[in-house]
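Here the structure is laid out as structure tokens; the discussion comes afterwards.
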Amino acid sequence: MHDINLVRENPEAFDKALRQRKAGPAAATLIACDDARRAAIAKAQALQTTRNEASKKIGQVKGTGDDAAAEELMAQVAELKSALLEAEGEERKLKAQLEKALSVLPNIPLADVPEGVDEDDNQEVRQIGEVGGVNAAMQHFEIGEELGQMDFEAAAALSGARFVVLRDDLARLERALGNFMLDLHTSEYGYREINPPLLVRDDAVFGTGQLPKFSEDLFRTENGYWLTPTAEVTLTNLVRDQITNAADLPLRFAAMTPCFRSEAGAAGRDTRGMIRQHQFSKVELVSIVEPDDGEDELERLTACAEEVLKRLGLSYRVMLLCAGDMGFSARKTYDLEVWLPGQNSYREISSCSYCGDFQGRRMNARFRHGDEKSTHFVHTLNGSGLAVGRSLVALLENYRQEDGSVLIPEVLQAYMGGRNKIEPITR
RNA sequence: GGAGAGGUGGCUGAGUGGUUGAAAGCGGCGGUCUUGAAAACCGUUGAGCGUUUGCGCGUUCCGGGGGUUCGAAUCCCUCCCUCUCCGCCA
């Protein structure tokens with residue numbers, strides 16, 4: 001959500017930013033609506049002042065017992081009523097109209113975000129690890145099925161397309177990966193572990209920006225809950241409607257949760273395998289910070305996610321997203337893309353975003369310095385650290401041996417009963 | 001799912017439809033006193049919006065939304081949340 005005052009201060013810059021985000025100009029409409037709203041407020045308040053003074057007088061007169069005088073005053077004030085009702089209704093209507101218009105506009109990019117329309121315009125920031133050189137590399141679903149522990153047919157029978165059943169060591173590997181990531185972030189990087197609800201109300205999903213515009217990407221229960229598409233929703237909304245003491249910032253939260261996405265706009269894409277599922281597990285990192293710390297925190301957050309890849313020994317690159325490829329709530333985003341030999345390409349495995357005060361406004365999440373009177377909106381960041389399902393995919397494709405076994409990276413071995421590889425199960 | 005009780009400022013907790021943004025206490029902050037601290041005493045202490053160069057002025061907010069009324073924390077409707085009992089259940 002944008003600050004209407006900033007729109008008023010610099011309408012040209014605002015519209016220019018919107019153009020970068022592939023949205024039409026909106027400043028003129030917004031300002032006109034806000035002007036009307038302010039006029040309605042002034043009008044309503046003037047009427048309220050008159051009414052309040054008269055009502056106060058009625059109270060005093062009644063106290064003296066002069067009922068006749070009171071009746072006369074009451075008759076006078078009654079005439080104000082319809083005008084006041086109308087003015088208040090107008091104010092409410094315009095306020096709702098303005099908020100509705102603001103709520104569907106994407107966040108504006110930071111100055112160092114490259115212009116561009118899609119992923120082809122993203123910039124590579126750095127690349128880590130060796131890439132390519134694997135002969136006859138297999139895709140993860142081939143490897144998983146060869147191991148006898150990745151079953152798409154069983155999942156289809158249970159739930160349909162875009163689900164998977166993992167068995168035995170692969171089931172455990174998913175758990176091992178998640179636990180390793182969570183342990184790393186909590187013990188070395190100061191994130192507090194959270195176990196949040198997976199079903200949330202409208203307000204929460206609005207706060208992080210998935211609503212009202214992207215409801216078709218989400219699953220909804222019959223009684224009106226939304227299944228969270230990412231723990232970003234719950235972790236970020238932990239500070240909703242609160243005034244946090246600045247001394248308590250930054251707040252850093254981590255959670256491992258299933259994530260649910262309808263993938264409505266992705267028909268035909270990544271239809272095979274575990275890359276794009278309706279349900280997947282993800283370790284999410286969220287930081288709540290003061291405005292001045294936002295950009296540094298994005299670098300820190302990204303480094304935390306990168307460290308997971310480094311310790312797993314996976315090759316990857318860091319991409320700075322262009323304005324056109326960023327998510328709705330983001331001002332700046334780094335994607336981490338892991339190398340997948342089976343696909344002979346890089347695939348997104350983490351997305352780390354700085355959202356400025358965009359979500360803070362939507363959530364009414366504020367902070368205050370101890371000695372200050374005024375409050376400010378918190379700045380928020382989120383990033384995957386990492387997507388667990390895709391991490392499992394990457395391990396399979398990068399660590400399959402010629403004999404069909406898959407090596408387990410050292411950091412995961414303790415989580416896998418001390419073993420160093422996964423072998424096919426035939427049964 | 002059934003029955004009932006409640007939601008008031010950072011916290012506890014009063015509140016009769018009429019100068020109540022709201023008693024009192026605690027906590028916080030400032031001051032007096034003190035070498036310093038404590039105690040005591042005095043003062044102060046919510047958020048948002050509109051308007052103003054500024055001091056300020058106005059307005060809204062007592063869980064959320066709507067209504068009745070000249071006037072609502074107080075009455076009505078509705079939703080949310082908390083608690084108690086019963087039922088069910090991991």
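Bear in mind the structure is a predicted one, so any value in this text is a computation, not a measurement. Below, chains carry the letters A, B, ... as their sequence lines are ordered, and counting in each starts from 1.
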Next item on the list: Output yes when at least one side-chain N/O atom of K57(A) is less than 4.0 Å from OP1 or OP2 of U19(B), else no.
Entry: no
Next item on the list: By nearest nucleotide on RNA chain B, pick out whichever of L73(A) and E88(A) is the more 5' one.
Entry: E88(A)
Next item on the list: Could you check K56(A) against A42(A) and say which one's nearest nucleotide on RNA chain B is further toward the 5' end?
Entry: K56(A)
Check: Which stems does RNA chain B form, counting runs of 3 or more consecutive Watson-Crick or G-U wobble pairs with both distances under 3.5 Å?
Finding: B:1-7 with B:80-86, B:10-12 with B:24-26, B:27-32 with B:40-45, B:46-51 with B:56-61, B:63-67 with B:75-79
Checklist line | Output field: ring centroids F328(A)/F214(A) closer than 6.0 Å | finding: yes
Check: Are Q45(A) and E91(A) close enough that a side-chain donor and a side-chain acceptor fall under 3.5 Å?
Finding: no
Note to self: So if I take residues 44-51 of chain A and measure heavy-atom distances to RNA chain B, which residues fall below 4.0 Å?
What the structure shows: Q45(A), Q48(A), T49(A), R51(A)
Margin query: Tell me whether R362(A) forms a cation-pi arrangement with F206(A), defined as NZ or CZ under 6.0 Å from the six-membered ring centre and within 45 degrees of its axis.
Written below: yes
Checklist line | Any R366(A) side-chain nitrogen or oxygen under 4.0 Å from OP1 or OP2 of G48(B) | finding: yes
Checklist line | Length of the CG-P vector between L84(A) and A72(B), whole Å | finding: 10 Å
Margin query: What is the distance, to the nearest angstrom, from the CZ atom on R92(A) to the P atom on G66(B)?
Written below: 5 Å
Note to self: Quiz question: by atom type and distance under 3.5 Å, do the side chains of D335(A) and S351(A) form a donor-acceptor pair?
What the structure shows: yes
Notebook entry, point to check: Starting at CG of L85(A) and ending at P of U68(B), how long is that distance when rounded to a whole Å?
Noted result: 7 Å
Check: Rounded to the nearest 0.5 Å, what separation is found between the CG atom of L147(A) and the CD atom of E423(A)?
Finding: 9.5 Å
Note to self: Between the side chains of R276(A) and E263(A), is the shortest nitrogen-to-carboxylate-oxygen separation below 4.0 Å, so that they form an ion pair?
What the structure shows: yes
Next item on the list: Supply the atom-to-atom distance D169(A) CG to S405(A) OG, rounded to the nearest 0.5 angstrom.
Entry: 11.5 Å
Next item on the list: Round to a whole Å and report the spacing from CZ of R201(A) to C1' of G64(B).
Entry: 11 Å
Notebook entry, point to check: Checking K332(A) side chain against L110(A) main chain: does a donor-acceptor pair fall under 3.5 Å?
Noted result: no
Notebook entry, point to check: Checking side chain to side chain donor-acceptor pair (under 3.5 Å) against S287(A), which of H379(A), E297(A), R300(A) comes through?
Noted result: E297(A)
Next item on the list: Measure the distance from NZ on K81(A) to P on A72(B) and round it to the nearest whole Å.
Entry: 10 Å
Checklist line | I4(A) CD1 - G48(B) P separation (whole Å) | finding: 19 Å
Notebook entry, point to check: How close or far is atom P of C70(B) from atom CE of M74(A), stated in whole angstroms?
Noted result: 6 Å
Next item on the list: Give a yes/no on whether any side-chain N or O of N52(A) is located under 4.0 angstrom from OP1 or OP2 of G71(B).
Entry: no
Notebook entry, point to check: Rounding to a whole Å, what distance do you find between N223(A):CG and G1(B):P?
Noted result: 10 Å
